[in-house]
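Counting begins at 1 with the first residue of the sequence. Keep in mind that the numbers below use all heavy atoms, side chains included, and drop hydrogens, waters and symmetry copies.
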Amino acid sequence: MDRIDRIDEEAQTPAPPVTFTGRKTLVAAAVAVVLIAGALLIRPARTGDDARPPGPTERAAEAVGMGAPAAAVDLTALVADREKWVAAHADDDASWAVLGAAYLEQARRTADSGWFPKAEKALKRSLEVRPAEKGNFDAMTGMGTLANARRDFGTGKKWGELVRAQAPRRWTAYPVLVDAYTGLGDYKAAQKAMEQLLELRTGLAAYVRASQVYRDRGWREDAAVAMEHAAGVAKAPAEKAYTLFRLGELSWERGDAAQALRLYEGALRTDPAQAEALGGRARALAALGRGGEAVRDYRLALGRTPLPQLALELGELLDSLGRGQEARVPYGMLSALAARSGTDGVDDDVVLGLYEADHGDASAAVRRLSEEWARHKSVQVADALGWALHRTGDDAAALEYAKKATELGLRSADFAFHRAMIERGLGDEAATRRHLQEAMRTNPYFSPLRAPLAKEALGSIGQPPPGGPENLLPTTPWVAPELPKAQPKPKPAAAAKPKPSPSPR
């Protein structure tokens with residue numbers, strides 16, 4: 001017990017304070033300096049050790065390198081930074097490639113085709129410094145992306161396949177290939193390239209391409225899920241706004257105008273510079289009967305991103321509102337925009353062909369779209385060419401292209417309406433009714449001009465007459481036949497009991 005009492009007494013006695021003399025302090029400081037110096041010798045400080053967040057230039061460079069949207073302010077900073085750098089370092093092939101990618105992103109954000117010649121010049125300069133044979137993959141990928149942006153999908157395919165041949169596991173080649181194969185109408189190759197991309201690297205670019213491939217095949221739920229995955233991995237506001245816009249497009253295509261409007265507005269709140277979402281919001285507002293607001297948004301969108309497709313939509317909306325005189329302005333803008341894009345190497349023949357078929361010279365549209373079909377056999381070109389042929393009165397030839405446009409599986413109300421009108425011209429009422437109903441089920445608001453025509457045509461055709469072919473109808477009412485009643489099965493006879501043996505006497 002004495003030992004235990006002594007332990008308790010020592011435990012309750014406070015420890016003496018620790019004091020440092022001047023000598024001890026100097027020794028401790030010297031030891032700390034030696035330890036820090038040793039750590040730095042083992043692992044020197046690196047740039048990545050900076051705890052500060054990346055600046056605008058770094059953020060934009062990372063985004064364009066990953067094939068993701070970049071914020072407008074960051075992109076402007078990156079362009080200015082790389083232009084200044086290459087002016088003093090003309091042999092920096094990597095910086096020329098980054099500058100070309102930045103120009104391409106500027107073209108996408110602003111819909112200004114004037115950025116394309118600048119991008120081409122920068123990328124070609126990069127390839128002069130370091131040729132493709134020496135593995136300048138960034139510049140080669142940029143050239144493929146540029147070709148696809150200009151809708152020159154044959155050239156985009158060549159660049160993408162060149163990168164893949166030299167570096168099969170370089171994932172940046174596969175987004176180029178998916179876009180190129182899709183534009184060429186080779187949807188099986190596009191799906192295979194998309195699957196290879198997902199195997200190599202998941203992320204925003206991969207999920208966006210997966211959504212596009214699924215949409216083209218008519219797999220709406222898969223397309224929406226893939227785009228939701230893209231929204232989940234998006235980091236910067238510009239990336240999130242872009243995925244919200246694409247989700248809005250999917251909602252619009254399935255006829256959910258209210259949901260599409262919410263998604264477009266979410267994209268604009270996330271990134272007010274997302275002008276594509278402004279055009280989408282105009283489309284949704286028009287579908288919901290808010291024509292005045294829709295006209296306002298279309299004009300704002302055209303002021304920010306002057307796309308021929310938006311000009312066509314605004315013109316048709318004004319026509320549907322009885323404002324045909326005002327509609328001449330966006331129609332004239334469409335032609336001017338397409339002509340300007342053509343000088344920069346952009347192919348707008350599908351939009352121009354549809355415009356000419358409905359509002360201009362249908363024969364000229366057939367010639368334009370026939371040349372486009374020789375280059376790109378996509379469903380969009382097939383649909384436009386079929387519609388132009390219908391407008392010239394050649395419904396037999398038009399039906400062949402309408403079938404090519406609709407048989408892949410893409411759920412498009414415009415495609416279904418065009419095929420229905422072609423079949424109506426051929427006198428096939430059953431097929432006309434079926435495809436008009438498909439158009440209205442897919443998206444009853446698909447066009448302010450054509451959706452009312454579809455409703456009118458469906459009402460004039462009516463429902464099929466009751467009954468069916470005469471040889472399939474019974475001449476007398478059907479009476480259930482008398483079937484023979486089932487005979488009860490005889491019960492098996494009970495086995496005879498053995499007789500008892502006589503008892504022994």
Count the heavy atoms belonging to other residues, nucleotides or ligands that lie under 6.0 Å from [atom1] of [X], then report whether that count exceeds 12.
X	atom1	result
Trp373	CH2	yes
Lys377	NZ	yes
Tyr445	OH	no
Lys404	NZ	no
Glu62	CD	no

Do side-chain atoms of [X] reach the backbone of [Y] as a donor and acceptor pair under 3.5 angstrom?
X	Y	result
Ser211	Tyr207	no
Thr305	Leu307	no
Asp112	Gln106	no

Original post:
Relative to Trp159, does Lys157 satisfy both conditions: NZ or CZ under 6.0 angstrom from the six-membered ring centre, and within 45 degrees of the ring's axis?
Top reply: no
Please name the pair of heavy atoms, one in [X] and one in [Y], separated by the smallest distance, quoted to 0.1 Å.
X	Y	value
Leu198	Ala210	CD1-CB, 4.3 Å
Pro448	Leu317	CG-CA, 3.9 Å
Leu78	Thr57	CD1-CG2, 3.7 Å
Ala327	Gly315	CB-O, 3.4 Å
Ala311	Leu302	N-CD2, 3.7 Å
Ala102	Val64	CA-CG1, 4.4 Å

Between [X] and [Y], does any side-chain N to carboxylate O distance fall below 4.0 Å?
X	Y	result
Arg411	Glu253	no
Asp93	Lys134	no
Asp348	Arg151	yes
Glu356	Arg367	no
Glu249	Arg254	no
Glu105	Arg108	yes
Arg170	Asp138	yes
Arg368	Glu372	no

**OP:** Mind telling me whether Tyr242 and Phe245 have parallel, tilted or perpendicular rings, with 30° and 60° as the class edges?
**Re:** tilted
Original post:
Parallel, tilted or perpendicular for Trp387 and His418, by the 30°/60° rule?
Top reply: parallel
Original post:
Can a donor-acceptor pair be found between the side chains of Tyr174 and Asp179 at a distance below 3.5 Å?
Top reply: no
Subject >> CA sep, side-chain torsions, deciding dist, call: Val213, Val178, side-chain contact (heavy atoms from CB on, under 4.5 Å) >> reply: CA-CA 8 Å; Val213 168; Val178 172; 3.9 Å; yes
**OP:** Only one of Leu99, Asp92, Asn136 passes side chain to side chain contact (heavy atoms under 4.5 Å, CB included) with Ser126; say which it is.
**Re:** Asn136
**OP:** Please confirm whether Phe417 and His435 have ring centers closer than 6.0 angstrom.
**Re:** no
**OP:** Please confirm whether Tyr187 and Tyr181 have ring centers closer than 6.0 angstrom.
**Re:** no
**OP:** Taking the side chain as every heavy atom from C-beta outward, state whether Leu385 and Ser370 have any pair of such atoms under 4.5 Å apart.
**Re:** yes
Original post:
Would you call Arg150 and Asp347 a side-chain contact if the rule is heavy atoms closer than 4.5 Å?
Top reply: no
**OP:** Could you check Trp252 against Phe446 for ring pair (Phe, Tyr, Trp, His ring centres under 6.0 Å), going step by step and ending with a plain yes or no?
**Re:** CA-CA 8 Å; Trp252 164 256; Phe446 66 93; 9.1 Å; no
